[in-house]
Number of protein chains: 2
Amino acid sequence: MGEIAYKIAVRGRAGIRDVAEAAGVSVATVSRALNKPDSVTPVLRARVTDAARRLGYLGNGAARALASRRSGAMGALVPTLDNPIFAACIDAFQQRLDAHGISLLVASAGYDAAAETRGLRTLLQRGVDGILLVGAAHEPETWALLPPDLPAVVTWMHRAEGCALPCIGFDNAAAAARITRHLLALGHRRIGMIAGLARGNDRAAARIDGVRAALAEAGLTLAPPLLAERAYSVAEGSAAMAALLALPDPPTAVVCGNDHLAFGALVAARRAGLAVPADLSVTGFDDLDFLAHGDPPLTTVHVPAAEMGRRAADHLAALAAGKEPPPPAELEAPVVLRGTTAPPARRRATPRRARA
Amino acid sequence: MGEIAYKIAVRGRAGIRDVAEAAGVSVATVSRALNKPDSVTPVLRARVTDAARRLGYLGNGAARALASRRSGAMGALVPTLDNPIFAACIDAFQQRLDAHGISLLVASAGYDAAAETRGLRTLLQRGVDGILLVGAAHEPETWALLPPDLPAVVTWMHRAEGCALPCIGFDNAAAAARITRHLLALGHRRIGMIAGLARGNDRAAARIDGVRAALAEAGLTLAPPLLAERAYSVAEGSAAMAALLALPDPPTAVVCGNDHLAFGALVAARRAGLAVPADLSVTGFDDLDFLAHGDPPLTTVHVPAAEMGRRAADHLAALAAGKEPPPPAELEAPVVLRGTTAPPARRRATPRRARA
DNA sequence: TTCGCTCCTGAAAACGCTTACAGAGCCCGC
DNA sequence: GCGGGCTCTGTAAGCGTTTTCAGGAGCGAA
């Protein structure tokens, strides 16, 4: 034992052979006792776990991964962590993976195609056992990189055309349509949209489609300048709203592609002297908690980010373990009615607002 | 070549031997050509990279890690990703690591000591080349686990008593003191604080200390019920503020331990019919962008989260590469004055006259 | 032309663990 | 009492790279 301690001190860290020696068994037994406890006699198992604990044995993940050809890590390829909605999803994903004894490798692509492919390549090199993707719109190169037999799930969508991967998410278009119908029901007819950049972002595109579909039901259409596509940020939302308000015939309601945009829109409206929702209705998409308590609280679509993360973790863990994963059910993305929507103001005397 | 392709198809993925064979060189040369291009003849290097590209060679991270005893991954042990301030830091950390060709392994502990130790253990098993820690207050068990020679940095603090690790961050106490002095300068004398839970959270504790210190300079003290310690959440902030307002002699200003608490406080104040900042001043800590544009916009302390992430990445990358890391400089955490602070309201009619 | 150096490349030994595979007990039934 | 079958442990062969070490080629100088 003292001799073993010496060896360990020299080498820096206890190895499986040290544990084997200390427990008086072979390395194979140590491996078995630690990895599948049932396959070993209780007394031996105790001897081994005991020795392992005494020596502070941790194990070498690389060696384990190499020998077992499983890394015990999942990868998440997300647009960014800087948006709380993704952070919430990844946080939940990680926690659930942890419960499965799996680690999380994160690659964020920053809405950039090249970075995305690079991120995936890195994840693959690291030998992840599965991958969480956001959305199904990716570069051909990215798809080509993805080994067909590697467990992977697409989140944030309920289904994706021509994508064989399981989808864990909700129906963006339907949700966008629902919130638009709410505006329609309120009596709005001139409805604008500040959407996310649809290029390479199928969720953003689907939301536009949904709004368009709902509008079509009412015989309305959506096109620039009433449709603005902007990067997801508060500043862009502000700018877009300002542009909308500068129109000769501004909309009475604006549905936004996400909460950041909506918040920016709110700021711009206030800056323009407009009261929300009296003068202008605004809706969001995500349901960030800060905006739920704002003044006025934002009417928005609730995105089940954490739930997606948890389900993705369960799904991938099952897949990686060779088990049958739970069938991916469509998640709810309910409209949550709060304070930023109301019937349109009565027709104003002058087309232009009083103050600017 | 066709033969090689066949082998690869059978085995699933191209290995270094396939590349070697395709390029007509030894595996050693392939390894060198790919890892340190300068150590190999240009023509051979081209042959190798060419073959690697043709075969879609990615490399096996586990094998590489095992042989080189470096994993090429850094670990981040954070309280949670669900708070945008940490998410922003980790996002920046990841991006910068990526620039160094390093991957990110995330473990979030959820402000739970046991989970934290478990998370660190996982990171260590995975063989990370370095670790980002938030704060220096950790379980003894956690510290014991951390190999003394493993590169690690503490973020979110400028320095930590009795902690030898490099600190990359700002001075929580000083920043809290500064924002408190701002309140004092405005004329507030009855100042409350809604702090984070200080137990096991040195940042939260330092902020309390800072407020206390500033108050002491003015001959004031801070103690319950004027000091409330609450978990970092909007709801807790609300509840705490409600309690503060229910006091016989409520504070005229409240400094909050973070922006979530401050936002909750704002909500509670509004609910109580109080105008901020006219009737009550509130300050935050973090500078989340949503609150910068709120109504009123929050006066708060700006926390350089992204900058900490970037510097931590650079520092760890240098350490892991055996280079001299840049000396960790103290980061700025400036008070940003916005709309939630103002001089105290003139003495209200009802309560007994306050001391001058 | 030959010797000595330097620069490159290849052969082969780790790296630390998992996992067939096979051997050794052991119990039980006949 | 003995053989068969079963369970449990140990032996050893990889897993796919990196890296050390040594050999070989090429070049310049004598």
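The model shown is predicted, which means the values in this text are computed figures rather than measured ones. Below, read A as the first sequence line, B as the second, and so on, with proteins coming before strands; counting in each chain starts at 1.
- Of the N and O atoms on the side chains of Arg126(A) and Ser103(B), at least one donor lies less than 3.5 Å from an acceptor on the other residue.
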Could I get a table of every N or O pair under 3.5 Å where one atom is in the protein and the other is in nucleotides 23-27 of chain D?
none

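- For the pair Lys36(B) NZ and dC7(C) P, the computed distance is 16 Å after rounding to whole Å.
- Considering only heavy atoms from C-beta on, Arg45(B) stays 4.5 Å or farther from Val48(B) through its side chain.
- Between Glu21(B) and Arg17(B), none of the side-chain N atoms (NZ, or NE/NH1/NH2) sits under 4.0 Å from a carboxylate O, so this pair counts as no salt bridge.
- Sorted by first and then second residue, the pairs that involve residues 91-110 of chain A and meet salt bridge (Lys or Arg N to Asp or Glu O under 4.0 Å), not counting sequence neighbours, are Arg96(A)-Asp314(A), Asp98(A)-Arg118(B).
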- Note on the structure: Counting primed atoms, P, OP1 and OP2 as sugar-phosphate and everything else as base, the B/S/- map of nucleotides 8-15 of chain D against protein heavy atoms under 4.0 Å is SBBB--BB
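- Between the side chains of Thr117(B) and Thr142(B), at least one donor-acceptor pair of N or O atoms lies under 3.5 Å.
- For the 3.5 Å distance criterion, the side chains of Arg13(B) and Asn60(B) fail to qualify, holding no donor opposite an acceptor.
- Note on residues 119-141 of chain A: pairs passing ring pair (Phe, Tyr, Trp, His ring centres under 6.0 Å), not counting sequence neighbours, are His138(A)-Trp143(A).
- Two residues are said to be in side-chain contact when any heavy atoms from C-beta on lie closer than 4.5 Å; Leu145(A) and Glu141(A) fail this criterion.
- Counting to the nearest Å, the P atom of dA12(C) and the CD1 atom of Ile16(B) are 17 Å from each other.
- Within the 4.0 angstrom heavy-atom criterion, no nucleotide atom of any strand lies near Arg45(A).
- To the nearest angstrom, P of dT18(D) lies 8 Å from CG of Leu34(B).
- Rounded to whole Å, atom P of dT19(C) lies 7 Å from atom CG of Asn35(A).
- Going from atom CD of Glu21(B) over to atom P of dG10(C) covers 13 Å, rounded to whole Å.
- Between the two ends of the helix from dT1(C)-dA30(D) to dC30(C)-dG1(D), each summarised by a five-pair axis, the helix axis turns through 50° (rounded to 10 degrees).
- Checked against side-chain hydrogen bond (donor to acceptor under 3.5 Å, both in side chains), Asp82(B) has no partners two or more places apart in sequence or in another chain.
- The side chain of Tyr57(A) contributes no N or O atom lying less than 4.0 Å from OP1 or OP2 of dG16(C).
- Contact check for Val128(B) versus Met74(B): no side-chain heavy atoms found under the 4.5 Å cut-off.
- Asp50(A) has a carboxylate O that lies under 4.0 Å from a charged side-chain N of Arg53(A), or vice versa, which qualifies the two as a salt bridge.
- Distance CZ (Arg64(A)) to C1' (dC15(C)): 15 Å, rounded to an integer number of Å.
- Backbone-only engagement by Gly59(A) is indicated by non-hydrogen atom pairs under 4.0 Å involving sugar-phosphate atoms exclusively.
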